[in-house]
Q: 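Right, I'll just put the structure down here and ask away after.
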Amino acid sequence: MIRAVKGTRDLLPPATTLWNQVEEAARRVFRAYHYREIRTPVLELTELFARGVGQETDIVSKEMYTFEDRDGCSLTLRPEATASVIRAYLEHRLDQQPGVQKLYYIGPMFRRERPQKGRYRQFHQIGAEAIGSGAPAVDAEIIELVTEVLSQAGLEDFSLLLNSVGCPKCRPAYVERLRAELRTQAAALCTDCRRRTETNPLRVLDCKVPEDQPVIAVLPSILDHLCAECRAHFEAVRRMLDQRGIAYELAPRLVRGLDYYMRTTFELVHGSLGAQNSVAGGGRYDGLAEALGAKTAAPGIGFSIGEDRLVLALEQAGRAPQNFAPDLFIAAVGESALEQAAVLARRLRATGAAVDLSFEPRLKRSLEIANRLGVRRVLIVGEEELASGSYTLRDMQTGEQQRLTEQEVASLLAGGN
């Protein structure tokens, strides 16, 4: 038997009910903040991620699904969405539209990493990007936005971690200081971090290897090396979060995993997810557009929520959905009644109610199906009911029955009783 590819999975009902609830909550919040949806291709040119995400990141160097197309160009299944959104922003000249471009997306991403709890090779993200302004007020709003999405989705007791990773003016000196410190501790680092010490020392701060953590814990803090502009920007972001009553914890080792971040970075974590406890994260990426070949700056900030991990946290908090049962189940008695029952079902669905129909012409079998579905009401449609214009409505919990006209059934469903 053919099975799903390792690291991928099928999302089945009733679990998909919770996924839909999460996405509906996110869309409500995005609408309230005037974010509009963008849908980018799943396939992009590999160069987009090599230049945008960073050649030395684990995503590009180890995890991307990349292949050569028939015309010889290299294509990649998108491992994240920000680079794609900026590519679309530049390609379609969204900078010519008024104001900050506020965009959101919901969709699948692909990384070939080791499957584990809440992490898959095809995973899903809910994210947003605000492009066109470097103001700290935009940072504060995007952080407020992600906390609101998580709250409206039903997640409680999550924590916000906050940091600044500086800018091209102040970060190089810090990186050299960091590299010098790491070289003295090389023997205690994992193989990847010894390589990162030379290629990109900031990546060491993002290392999850337990044995490396004592070394990382005593490394210099980037917050002590910010230039005046970055320090003022970060202080403004913190002040605005305080004004909004949004609690946060300073996390000087927080750099996230992508090269395009600068200044504000943040992560939201939840204790129920264990050691890999991040449920969302993001930051500012003012230089990404230039890295992708833009001639003018397009400062921006965004976040992504790991939807798989968010749903897992909600399930562990007792939010697992129950089986969805229709408001009404129609059981036809006989082949000719079945055809008329289908027409009746179509009319009753116009009330907005969920109406299911048995395709079994035998009443006993239809009632067995209704029981297994957890249906409360069954409408019995036979030759006698069709002739009289009234139908037998059975309450499956009490066994009580009553005769109702189609109009009476429709009124009952419309009233939500």
Q: For A128 and Y105, which heavy atoms make the closest approach, and how far apart are they?
A: N-CE2, 4.0 Å
Q: One thing to verify: whether R376 and D395 come together as a salt bridge, which I'm taking to mean a side-chain N less than 4.0 angstrom from a carboxylate O.
A: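 Salt bridge: yes.
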Q: With a 4.0 Å cut-off on N to O distance, would you call D242 and R244 a salt bridge?
A: no
Q: Please report the interatomic distance CZ(R177) to CG(L219), rounded to the nearest 0.5 Å.
A: 9.5 Å
Q: Any salt bridge between E63 and R121, counting N to O under 4.0 Å?
A: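 The answer is no: the pair does not qualify as a salt bridge.
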Q: Of all the heavy-atom pairs spanning Y120 and G7, show the shortest one and how long it is.
A: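 In terms of heavy atoms, the two residues are closest at CB-O, 3.2 Å.
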Q: Report yes if the side chains of V138 and R284 come closer than 4.5 Å at any heavy-atom pair, otherwise no.
A: yes
Q: Could you please spell out the steps behind the side chain to side chain contact (heavy atoms under 4.5 Å, CB included) verdict for L393 and L412?
A: CA-CA 11 Å; L393 184 69; L412 184 69; 3.6 Å; yes
Q: Might you point out which heavy atoms bring M262 and V165 nearest each other, and give the distance in Å?
A: CA-CG2, 3.5 Å
Q: List the steps, then state whether side chain to side chain contact (heavy atoms under 4.5 Å, CB included) holds for I301 with F266.
A: CA-CA 11 Å; I301 184 170; F266 56 91; 4.3 Å; yes
Q: What distance separates R196 CZ from L205 CG, expressed to the nearest 0.5 Å?
A: 10.5 Å
Q: Indicate yes or no: at least one non-hydrogen side-chain atom of L162 is less than 4.5 angstrom from one of I143.
A: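 Result yes, sub-4.5 Å side-chain heavy-atom pair found.
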Q: Any donor and acceptor pair, going by atom type alone, linking the side chain of Y174 with main-chain N or O of P220 inside 3.5 Å?
A: yes
Q: Shortest non-hydrogen contact from A140 to L241?
A: O-CD2, 4.1 Å
Q: What I'd like to find out is whether the side chain of N277 reaches to under 4.5 Å of the side chain of F158, using heavy atoms alone.
A: no
Q: When you measure from the side chain of T40 to the backbone of S84, do you find a donor-acceptor pair of N or O atoms at a distance under 3.5 Å?
A: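 Not confirmed, T40 side chain does not pair with S84 backbone.
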Q: Which atoms form the tightest heavy-atom contact between P79 and M109, and what is the distance?
A: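 Minimum heavy-atom contact is O-CB, 3.8 Å.
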Q: Main chain of R362, side chain of E360: is a donor-acceptor contact present, judged purely on distance under 3.5 Å?
A: no
Q: Whether the side chain of D71 engages the backbone of C73 through a donor-acceptor N/O pair (distance < 3.5 Å, no angle test) should be reported.
A: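 Yes; at least one donor-acceptor contact below 3.5 Å.
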Q: Could you measure the distance from the CD1 atom of I330 to the CZ atom of R377? Nearest 0.5 Å is fine.
A: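 One gets 13.0 Å once the value is rounded to the nearest 0.5 Å.
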Q: I need the L338 CG to L357 CG distance, nearest 0.5 Å.
A: 6.0 Å
Q: So which heavy atom on S221 is nearest to which on P252, and how close?
A: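 Heavy atoms only, the tightest pair is OG-CB, 3.3 Å.
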Q: Charged N to carboxylate O under 4.0 angstrom, E24 versus R27?
A: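 No.
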Q: Quick one: does any side-chain atom of H270 pair with a main-chain N or O of E156 as donor and acceptor, under 3.5 Å?
A: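 Side chain of H270 to backbone of E156, a donor-acceptor pair under 3.5 Å: yes, one is there.
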Q: Hey, is D139 close enough to R263 for a salt bridge, meaning N to O under 4.0 Å?
A: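 No salt bridge links D139 with R263.
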Q: Quickly, which of R93, Q97, H92 forms a side chain to side chain donor-acceptor pair (under 3.5 Å) with D95? Name it, please.
A: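 So the option named by the test is R93.
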Q: Are the side chain of R183 and the backbone N or O of T197 linked by a donor-acceptor pair below 3.5 Å?
A: no
Q: About how many Å separate CD of E315 and CG of L310, when rounded to the nearest 0.5 Å?
A: 10.0 Å
Q: For the pair L77 and L43, evaluate side chain to side chain contact (heavy atoms under 4.5 Å, CB included) and give the outcome as yes or no after the intermediate values.
A: CA-CA 5 Å; L77 291 173; L43 276 177; 3.8 Å; yes
Q: Report the C-alpha separation of E235 and R239 in whole Å, then their side-chain angles, then the decisive distance to 0.1 Å, and conclude whether the salt bridge (charged side-chain N to carboxylate O under 4.0 Å, His left out) test is met.
A: CA-CA 6 Å; E235 288 174 354; R239 183 175 65 254; over 6 Å; no
Q: Report yes or no: does R87 contribute a side-chain atom to a donor-acceptor pair with the main-chain N or O of L48 at less than 3.5 Å?
A: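 No, R87 side chain to L48 backbone: no donor-acceptor pair under 3.5 Å.
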Q: Mark yes or no for whether R78, through its side chain, and P108, through its backbone, hold a donor-acceptor pair below 3.5 Å.
A: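 Confirmed, R78 side chain pairs with P108 backbone.
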Q: Does L379 reach the side chain of V355, with side-chain heavy atoms less than 4.5 Å apart?
A: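 Counting from C-beta outward, L379 and V355 never come under 4.5 Å.
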Q: Within the 4.5 Å heavy-atom criterion, are Q122 and V5 side-chain neighbours or not?
A: no
Q: Using ring centroids (six-membered ring only for Trp), state whether F30 and Y104 fall under 6.0 Å.
A: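 Yes, close enough.
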Q: Ignoring hydrogens and geometry beyond distance, is a side-chain donor-acceptor pair present between Y89 and E129 at under 3.5 Å?
A: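 No, no side-chain donor-acceptor contact under 3.5 Å.
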Q: Distance check, rounded to the nearest 0.5 Å: F324 atom CZ versus L373 atom CG?
A: 10.0 Å
